[in-house]
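Below you'll find the structure, written out as C-alpha cells, and then a few comments.
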Amino acid sequence: MANSLTVANVNAGYGSVHVLHDVSLSVGAGETVALLGTNGNGKSTLMKSIMGIVRPSAGSISAVIDGTAHELIGRSTEEIVDLGIAFVPEGRRLFPKQTVTENLLLGAFRPAARSAIHRNLDFCFETFPVLKERARQLAGSMSGGEQQMLALARALMSAPRILLVDEPSVGLAPLLVRRTIDKIKELKDSYNLTVLMAEQNFTQAIRIADRGYVIVHGQIAFAGESAEALNNNELIREFYLGT
Amino acid sequence: MDVSLDLLMNAVISGLLLGGFYAAVSIGVAISFGMLDIVNIAHPAFILLGSYVAYIANTMLGIDPILAAVIVLPAFYLLGMAVYQVYYVAFERRDDQSLRGLSFFFGLLFIAEVGLILVFGVDYRSVSARYIGPSLQLVLFDLPWRLLVPFLVSMVMAVGLQVFLSRSFLGRAIQAVAQDQLALQLMAANPVKIKRIAFGLSIATASLAGACLIIIQPVEPSIGREYIGRVFAICVLGGLGSFPGMIIAAMTLGIVESLTSTFFGPSWAPAVAFGVLLVTLAVRPSGILGR
Amino acid sequence: MRGTPFILILIAVAGVVFGLARWLDNSYAFFVGYVVVQYIVLGTAWNILGGYTGYVNFGITAFFAIGAYSSVVLHKLVPTLPLPAMIVVGGVMAGIVGVGTGYLTLRLRGVYFSIATLALAVVVQTLITNWDFVGGARGAYVLRPRTAPLIGGGYIDYLFLIMLGLCVAALATARAIERSSLGFGFAAIRDDEAAAEASGVPTLRLKLIATGLSGGFMGMAGAPLPFYVTYLDPASGFSLNYAVNAIAMPLIGGTSSWLGPVVGAVLVGGLQEYLRVTISSAVNVLVAGVLMVMFVIIAPQGIVGLFQRKRR
C-alpha cells in the first residue's frame, strides 16, 4: 500500500532565527530520497519539523500511511512515530544504560509493532549479527559504528512504513559509512519502506537514492529526478567536488 | 567486650529481616530517584501516611494492616500521579528541579508531618495482628513474625516490580525515561505519561511499606525523617535504579544497624545510615552495583 | 569601601529598631523581635548558598545546633566568657563542618549535597543525644544573667542587640557578595556549573567558600539560643521548624537578592507570631511550609522578584 510523505511550503526556525524558507519536497511510495547539503543548511531542522520536534511557522507536512492521509503539523513526536514514521536522529540517541536487547525492545513500544516483535527481533539479529553478539552489552559501551547499527535496528523494531534517517555517516570511518548505507538499502528492500535520508556524504548517499534534493541556506536549491541528474549538477560540483 | 556468638548471630538474622523491610521502604525511591531522577525526599512522609491509614483501618474496622494497604493501593497510585503532575507543571517544565523542586518536596514532608501531628498528636500508635508477637522457631534462631511478614511483603513487592520493569513495555520505558526523553518519544512513548505512571507506582509502594512500618514498630509523625537518610543511603549504596543492588544495600544497612544497636545501644542506630551515605558519596558514588 | 554607606544605613536601621523596642519597654517585643531577626540571619545564611549558588542545604538545624551547643559547652567550661566570643567559636565550628560536608559531596551533583545535609542533621542530633556532657537527650539548663552587660536593662535586651548586630553583619556580607566577583562566580555556578568550570571559574573552591560562610552564619545565629531559651534539648534544638523557616523565608521573599530573606522573615515571622497568639501554635508552624510550597509553585521569583518584574 501507498506510504508517502509531502512537505509543502514549510517555514521553520528556532525563536527568532529563521532556518527553513518555503521548503517543499515529496517522497513517493517505496522511494529512497536523499536530502543533500553541507552542515548548517537546514537538513536536520527539516527532519525535526517532519517529526514534530520543531514546530513550523507556516506550511504543511502530510504523510500517507497505508493509504490514509495524515497532517503531521500539530501532532506530538510520539503520535507521529505511532502513525508508522520512524526516525533515526543525528547522534543516534540510544539509551546508553540499557542493553542492546532492551534498546531493541523499546523500539517496539508502539502498540502496532508489538505483535511482530519476535519476527522483527530475529530479522534485526540476522541483518546485524554484531547486535546478536552484543545482545546483553550496554548500548553506551559500544563503538560508534555498532551504535549506528543499533539505532537503525531499533527504528525498524517499530515496524515503520516510512523511515527518516538523519546523518547516518556522522562520526563513522569511511568503511563503516559504506556499510551503514548498504544496511539502509537492505532494510528498505526487505520491508518495502519509504525512506528519506539526510546526508552530507553525497557519493555514498546517491548510491542508494532514487533521487534527491539539495538544500542550501534553508531553501531547496535543486531537485534531482535521478541519481544521474544529481551527479551532473553544477551545485553538487561546487559544494562537494570543489570544481 | 563479651561478644557471644549467639548474640552476634541473632543480631545478624534480625538485621537481615530488618534489611528486607528497608528494601520495601526504599523501593519507591529507587523508582523515583533512581529511574525518574525525581528527588522525592518526601517519600517517607507518604510511607507514614500509609502507616496511619493502616492504623485507622486496623483500629476502627479491624482490618489486617497489610490487607488495608492493598485496598488503598490504587488511592496512593492516584495520589502519586497527582503529585507528579504538580511537580511536572511547576518545576520540570520550567527546568527548576534543583532549587525549588527540592524545596517543594521538603515542604510536603513538613506539611505532612505537622498535619499528622494536628490530627493524631505526637503519641505512638500501633496496630494489632495475629503475627505480631509470636516467633517462628527455626533450629537455633527465633524469627519474630513481626519482622518476617514485612520481609516477605517486601520481597514479593521487589520481585513483582522487577518483573514488571524488565518484562513489560511500560516497565522498559520507565527504566529508560530519565536517560533521553526525546529518544523515548521516538519510540512512540509520551515521557510525561510514563513518568506519571512510574511516580504513581513509587507512591503506591509507600502504602505497603507504611503498613510494614507500623507492624515493625509503633509510629509517631516525626519518625519519617529518620527514614530519609536510610532510604537515600540504601539507594545510593545500591547503585541508582538497580533493584538487586538496592536489596543488597538494604540488608547490609539492616545488619550494620542491628549490630550497632546490639553492641552500642539503639540510640546510635540512626547515625549509621548517614555514616554509610557520606562514606558512599565520598568514596564510591556509583554504588556497589552501579551501571 | 564601596559598601560603607550600606553598612551605615543598616546600622542606623538596627539602631532605630532597637531604640523603638527600648521605648516600648516591653519584654514581649524583644522576644518576638529576637526570633524574627534570628530568622533574617538564618534565611540570609541559607540564601548565600541556596539562592546565590543554587545548592540546597536542608541541614540548617545541624549548623544551628552546632552553634547552640558550642555555647552550652563553653558556658560549662568558662562561664565568664562573653557571648560575642561564644558566637565567634560557634560560627567557626559550624563553618568548618560546612566546608567538610561540602568537600565530601560537592564534587557530585547538587542533589547529593542536599541529601547529605539532611543526613548531617540526623548525625549531629544523634551525636548530641548521646553526649552526656551537654545533657544528652534530657537537655541542658543555661542560667541567663538577670541583667544585660554594658547596656543595662533585661538580658533579653542584650540578646536582641547581639542578634541585630549579627543581622547587620550577615546582610552586609550577603550584599558584598552580590556585588563582588565572588557573587558573579556563585551565579555562574548556579546558572550552568559545567560552563563555569570550563571557563575557568574555580567552582569547588567557590562552593566551599559559600558552604563555609553559610554554615558559619547559621552557627552564629544558633550560638545565643541557649541563653534565649535557657533550657535546650535535642528535640527543640533540632526542630524541623528552624529548617523549614530558614528555607521558606528566602524562597517566599525572593532568592536573588539580600532583601528577599529580610522581606520573607519579617512577613512570615510576623504572620506566624500573629497566628500563634490568635489561633494556635500548631497552626503557626504549618504556615511557613504551606506558604513555601505555594510560592515555589505559583511565584518562583518570590515577593521581591514580583516587584522587580513590575518595575521593569
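What you are looking at is a predicted structure, and each value in this text was computed from that prediction instead of being measured. Below, all heavy atoms of this structure are taken into account, side chains as well, without hydrogens, waters or symmetry copies.
In this structure the side chain of C:Phe63 reaches within 4.5 angstrom of the side chain of C:Leu120, judged on heavy atoms. Contact annotation: the side chain of C:Leu271 never approaches that of C:Leu267 to less than 4.5 Å [non-hydrogen atoms, C-beta and beyond]. Side-chain contact between C:Val124 and C:Phe238 is present, with at least one heavy-atom pair separated by less than 4.5 Å. Side chains of C:Tyr69 and C:Leu232 form a contact here, defined as non-hydrogen atoms less than 4.5 Å apart. Residues B:Leu281 and C:Leu104 have side chains not in contact (no heavy-atom distance under 4.5 Å, counting atoms from C-beta outward). Using a 4.5 Å heavy-atom cutoff, the side chains of B:Val236 and B:Val276 are not in contact. A heavy-atom distance below 4.5 Å is found between the side chains of B:Leu213 and B:Ile223.
Of the two parts of B:Leu277, only the side chain, counted from C-beta on, holds a non-hydrogen atom closer than 4.5 Å to a non-hydrogen atom of chain C. Only the side chain of B:Ile228 comes within contact range of chain C, with at least one heavy atom under 4.5 Å from a heavy atom of that chain. Only the side chain of B:Ile41 has a heavy atom closer than 4.5 Å to any heavy atom of chain C. The contact between C:Ala243 and chain B is made by backbone and side chain atoms together, counting heavy-atom distances below 4.5 Å. Neither the backbone nor the side chain of B:Val89 comes within less than 4.5 Å of any heavy atom of chain C. In this structure, the portion of B:Leu118 lying under 4.5 Å from any heavy atom of chain C is its side chain and not its backbone.
A centroid separation of less than 6.0 Å is found between the aromatic rings of B:Phe104 and B:Phe91.
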Using side chain to side chain contact (heavy atoms under 4.5 Å, CB included), reason through B:Ile27 and B:Met246 one step at a time and then give a plain yes or no. CA-CA 8 Å; B:Ile27 201 162; B:Met246 181 212 58; 4.3 Å; yes

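The candidate with the highest count of non-hydrogen atom pairs below 4.5 Å against chain B, out of C:Ile298, C:Val293, C:Ile297, C:Ile247, is C:Ile297. Interface summary for chain B: among C:Leu240, C:Val290, C:Leu118, C:Val122, the most heavy-atom pairs under 4.5 angstrom belong to C:Leu240. Listed options B:Phe110, B:Phe105, B:Phe33, B:Phe232 were ranked by heavy-atom pairs under 4.5 angstrom with chain C; first place goes to B:Phe110.
Residues satisfying the ring pair (Phe, Tyr, Trp, His ring centres under 6.0 Å) test with C:Tyr274, not counting sequence neighbours, are none.
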All donor-acceptor atom pairs under 3.5 Å, backbone and side chain, chain C-chain B:
residue  : atom : partner  : partner atom : Å
C:Arg109 : NH2  : B:Asp37  : OD1          : 3.3
C:Asn130 : OD1  : B:Ser267 : OG           : 2.5
C:Asn130 : ND2  : B:Ser267 : O            : 3.4
C:Thr255 : OG1  : B:Arg100 : NH2          : 3.0
C:Ile297 : O    : B:Arg94  : NH1          : 3.4
C:Ile297 : O    : B:Arg94  : NH2          : 2.6
C:Pro300 : O    : B:Arg100 : NE           : 2.7
C:Pro300 : O    : B:Arg100 : NH2          : 2.9

